[in-house]
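Below is one structure, written out as structure tokens, with a few remarks after it.
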Amino acid sequence: MGRLKKILIPSLGLVLAFWFYSARDTFKPEMLRGKRVIVTGASTGIGEQMAYHLARMGSHVLLTARTEARLQNVVRRCLELGAASARFVSGTMEDTAFAQHVVREAQAVLGGLDMLILNHVGASYFGFFDGDVEHVRKLLEINFLSYVAMTTSALPMLKESEGSIVVVSSMAGKIAGPFTAPYSATKFALDGFFSSLRQELIIDKVNVSITLCILGYINTESAVRAVSHVIPQTPAPKEECALEIIRAGALRRRELHYPSPAVGSMLLLRSLAPELLDSLLLSSYRLENVRRT
Ligand SMILES: NC(=O)C1=CN([C@@H]2O[C@H](COP(=O)(O)OP(=O)(O)OC[C@H]3O[C@@H](n4cnc5c(N)ncnc54)[C@H](OP(=O)(O)O)[C@@H]3O)[C@@H](O)[C@H]2O)C=CC1
Ligand SMILES: C[C@H](CCC(=O)O)[C@H]1CC[C@H]2[C@@H]3C(=O)C[C@@H]4C[C@H](O)CC[C@]4(C)[C@H]3CC[C@]12C
């Protein structure tokens, strides 16, 4: 009997745990139907693809970026794909007031918000740090401060809807490789801020989830243009990446690692043997093609 208890109870525990986690893991596109979603950086790249997925799922999308002409096309396509509604607000995230204005638009035109997807990123370079401190300041404003400002403005609506915040970050926000110093700094800042805020929401029993997305190299035009002469690896597809981000947000996951085995194993290696990881990364780069100022 004693032995039976020793085996039966843990086995039952395992079965229950498996059932609980697999049930939580079931994503259905209907989860997004009728949901009110802001996507930033939606004029190109991963943000544009997220807008199309959400449109197919029947969400109300409010899109933002700087380039009005591109946003108009994305909104048109979203409506063709079946969005419950699609609108845009154009402007720059260098300006905190603009970031807050976008959130107010959601309140005004959608009457609330279910998901805030923070994805935009300012242009930077892939090369040796050039000493330009103003560039670092500007990038922190675009890639970090505006994320904080939008979150702060959106929290009352997200508390009301028990919604989700999705923060798009990078491997460069967990592992600092060379040639991304300003960019990497902004992405590490996101981890610090949002991982701390997540704990506070849990302590206060506020049912708003925060999903931090740790992405590897993705085949967007800007990334391929910036690094393909140095990094020979094939980038992962932006369409699949966009869907995985939405799925992770809808399932209220703490973190997404995409592409999954590659990012996961690099993070593990960083903890176990950081020097080995550094040298493996460097050995795969075409260093002779790196920009020096
Ligand atoms: N592609 C990759 O390999 C990886 C990407 N990521 C992350 O994924 C996210 C999306 O990246 P990706 O799709 O490649 O980026 P893109 O360069 O393709 O798109 C960036 C978006 O941000 C907008 N944007 C740029 N500057 C500003 C600004 N000042 N104010 C408001 N919006 C701005 C752009 O539109 P506009 O110019 O019209 O303003 C565009 O919509 C980013 O957070 C990035 O860090 C993470 C790891 C890898
Ligand atoms: C090289 C890194 C991963 C290691 C590997 O060998 O797979 C890439 C992981 C994330 C990439 C960067 C990123 O986060 C997006 C930036 C977007 C900018 O528009 C330009 C390029 C990036 C700096 C990009 C460069 C490659 C990674 C660091």
Side-chain angles (χ1 to χ4, degrees), residues 39-51 63-74 88-96 98-99 101-102 117-127 138-147 149-150 166-188 190 212-239 241-242 244-245 256-259 261-267 269-270 277-278 280-286 290:
V39 184
T40 71
S43 63
T44 53
I46 300 165
E48 177 184 359
Q49 298 306 319
M50 286 195 277
L63 312 177
T64 182
R66 289 168 306 174
T67 319
E68 197 167 326
R70 277 182 178 274
L71 286 170
Q72 272 166 357
N73 288 334
V74 179
F88 73 85
V89 196
S90 60
T92 178
M93 290 289 176
E94 276 166 72
D95 177 7
T96 315
F98 175 72
H101 166 69
V102 175
I117 305 185
L118 298 165
N119 164 78
H120 63 276
V121 67
S124 192
Y125 54 85
F126 188 75
K138 185 175 161 185
L139 214 57
L140 273 166
E141 279 167 3
I142 300 170
N143 296 5
F144 173 63
L145 267 185
S146 67
Y147 281 43
M150 288 190 82
V166 177
V167 179
V168 181
S169 186
S170 164
M171 282 277 292
K174 287 276 188 191
I175 298 172
F179 315 129
T180 54
Y183 172 82
S184 199
T186 67
K187 294 297 193 183
F188 269 78
L190 289 176
L212 185 69
C213 303
I214 309 302
L215 308 182
Y217 182 22
I218 312 297
N219 69 357
T220 61
E221 261 180 59
S222 64
V224 171
R225 198 180 325 115
V227 303
S228 58
H229 57 297
V230 180
I231 300 176
Q233 280 98 313
T234 308
K238 60 186 176 196
E239 298 80 2
C241 175
E244 288 304 312
I245 293 173
L256 165 72
H257 296 164
Y258 178 88
V263 169
S265 38
M266 276 168 129
L267 293 179
L269 195 56
R270 191 259 326 246
L277 176 65
D278 289 350
L280 282 177
L281 271 181
L282 270 192
S283 66
S284 68
Y285 285 7
R286 294 195 180 120
V290 177

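Indexing begins at 1, ligand by ligand and atom by atom, following the structure's order. Residues: numbered from 1 along the sequence shown.
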So for Thr220 against ligand 2, with non-hydrogen atoms under 4.0 Å, the contacting part is neither

At under 4.0 Å between heavy atoms, what of Ile218 touches ligand 2? The answer is neither

shortest atom 6 (O) of ligand 2-to-protein heavy-atom contact is with Gln233 NE2, 3.2 Å

the protein heavy atom lying closest to atom 19 (O) of ligand 2 turns out to be Ser222 OG, 3.6 Å

Filtering Leu277, Val227, Leu281 for the heavy atom nearest atom 25 (C) of ligand 2 leaves Val227

Under 4.0 Å, heavy atoms only, figure out whether ligand 1 is touched by the backbone of [X], its side chain, both or neither.
X: Ser43; result: both
X: Asn119; result: both
X: Lys187; result: side chain

Report yes or no: does a heavy atom of [X] sit under 4.0 Å from some atom of ligand 2?
X: Tyr285; result: yes
X: Gly177; result: no
X: Met266; result: yes

Provide the number and element of each atom of ligand 1 under 4.0 Å from a heavy atom of [X].
X: Ala223; result: 1 (N), 2 (C), 3 (O)
X: Tyr217; result: 3 (O)
X: Thr67; result: 36 (P), 37 (O), 38 (O)
X: Ala42; result: 41 (O)
X: Thr92; result: 28 (C), 29 (N), 30 (N)
X: Ser222; result: 14 (O), 15 (O), 16 (P), 17 (O), 18 (O)

So is [X] in contact with ligand 1, going by heavy-atom distances below 4.0 Å?
X: Pro235; value: no
X: Gly216; value: yes
X: Tyr183; value: yes
X: Ser169; value: yes
X: Met171; value: no

Is there a protein heavy atom at a distance of less than 4.0 Å from [atom]?
atom: atom 4 (C) of ligand 2; result: yes
atom: atom 27 (C) of ligand 2; result: no
atom: atom 15 (C) of ligand 2; result: yes
atom: atom 10 (C) of ligand 2; result: yes

Side chains of residues 174-187: which donor-acceptor partners sit under 3.5 Å, not counting sequence neighbours?
from   : atom 1 : to     : atom 2 : distance (Å)
Lys174 : NZ     : Asp191 : OD2    : 2.9
Lys174 : NZ     : Glu255 : OE2    : 2.9
Ser184 : OG     : Ala172 : O      : 2.4
Thr186 : OG1    : Asn143 : ND2    : 3.2
Thr186 : OG1    : Tyr183 : O      : 2.6
Lys187 : NZ     : Val168 : O      : 2.8

task: Decide whether an N or O pair under 3.5 Å exists between Ser170 and ligand 2.
output: yes

Under 3.5 Å between any N/O of Thr180 and any N/O of ligand 2: does that happen in this structure? no

